[in-house]
Amino acid sequence: VHKANVLIASYGRSGNVENAKIVFDSISQPDHYSWNSLLTSYARNGHLDAAKAAFDGMPLRTVVSWGSMLAAFAWNGHLKQARAVFDRIPSCNVISWNGMVTAYARSGCIEEARQVFNGMPERDVLSWNIMVQGYAENGVLREAEKMVSRCPMHNVMSWTCLFLAYAETGNMKDAKASFDRMLVRDLVTWNAMIQAYTQNEYLVEAEQVFRKMPTREVASWNTMIQLFSTANHLEGAKAVFDEMPERNVISWTSLLCASSSSTVFERMPQTSWITWNAMLAAVCQDGHIEKALGLLDKMPLKT
RNA sequence: ACGAUCAUCGCCCACU
């Protein structure tokens, strides 16, 4: 049974609701894990009615089932219903509370989110994170900042979210200051820093940060390609590309954007629809209508 | 027997 349950859950995660249901039906004695997995498969993929039916039909509703249902409503924009579910949960845990906070925060009801957050009997890292992200997304940087400093755990993700919110305003002074104030940083933080500099065309600073980084990963290198690309420095971009220890689709696509060259495109080991769009854009820019149409024909997925 | 599988955030890099 438990193997089947895992299957249901993974089908659900990949959006394959039909298969999830088939597996579920093949179980002679589904337990509450099976039911919950089925429920979340529906919930995650927008099948609200099916989710409701599963919820009503299940023999035993655990706090997980309630949580799924809450998330299902929240995801589909039914805040009121989500709230109704929340109010009826027999025994809330942190996750249920977080779910409710998330529901409000994501719908832009940051005040309500805050109220729920304030009423929480206990909070975990996620609770704080959701609030920080919520404030940051709504541009209330002062509150986001307060949240981060009040948070008892040192949480990289919160710090990074706050940093990104500053960076988005284009005020690199504030962004840098918040970066410097961080007590903990991880790769993502560093990557975000060079990315922010690059985007705001502080190319020298970006490269300095890149050099200073304790470790690097593909994303860091990719940003360096883009750095040279924004500087119109094709040779530099190529040099980075050759120098980097490993490459992914994004590396290739970045190089493609820098060079607009179809030879790069042909050499690519993998492509994605973004790659195709990038190539298409480059070809159109050069006015090669025939080529563009040819590309369009060959495109695996048109958007 | 216990455990393991299910719900909430998941933050950084490519086209538009």
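Quick note on labels: first sequence line is chain A, next is B, and so on, each numbered from 1.
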Legend entry - CG on A:L280 to OG1 on A:T275, rounded to 0.5 Å: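 Here the interatomic distance stands at 12.0 Å.
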Inset, instruction - Hey, could you give me the OG1/CZ distance between A:T198 and A:F228, rounded to the nearest 0.5 Å? - result: 10.0 Å
Inset, instruction - Evaluate the ring planes of A:F210 and A:W221, with Trp represented by its six-membered ring, and classify them as parallel (under 30°), tilted (30 to 60°) or perpendicular (over 60°). - result: perpendicular
Inset, instruction - Would you kindly check if the NZ (Lys) or CZ (Arg) of A:R181 is within the cone defined by 45 degrees around the ring axis of A:W159 and under 6.0 Å from the six-membered ring centre? - result: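 Pair A:R181/A:W159 does not count as cation-pi.
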d([atom1], [X]; [atom2], [N]) in whole Å:
X	N	atom1	atom2	value
A:M100	B:U8	CE	P	15 Å
A:W128	B:U8	CH2	P	22 Å
A:M213	B:C13	CE	P	13 Å

Which part of the nucleic acid does [X] contact within heavy-atom distance under 4.0 Å: base, sugar-phosphate only, or nothing?
X	value
A:S272	base
A:E217	base
A:R185	nothing
A:V63	base
A:R44	sugar-phosphate
A:A278	sugar-phosphate
A:I130	sugar-phosphate
A:R216	nothing

Inset, instruction - Assess whether one donor atom and one acceptor atom, taken from the side chain of A:N93 and the base of B:A7, lie less than 3.5 Å apart. - result: yes
Inset, instruction - Kindly indicate whether the side chain of A:T253 and the base of B:A14 share any N or O donor-acceptor pair separated by less than 3.5 Å? - result: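 Result: at least one qualifying N/O pair found.
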Legend entry - Residue A:A219, side-chain atoms from C-beta onward, closest of B:C11, B:C15, B:C12: B:C12
Inset, instruction - Please state whether the phosphate of B:G10, meaning OP1 or OP2, lies under 4.0 angstrom from any side-chain nitrogen or oxygen of A:Q133. - result: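 So the side-chain polar atoms of A:Q133 do come within 4.0 Å of the phosphate oxygens OP1 or OP2 of B:G10, strictly under.
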Legend entry - Check ion pair A:E143-A:R114 (N to O, under 4.0 angstrom):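 Answer for the salt bridge query: yes.
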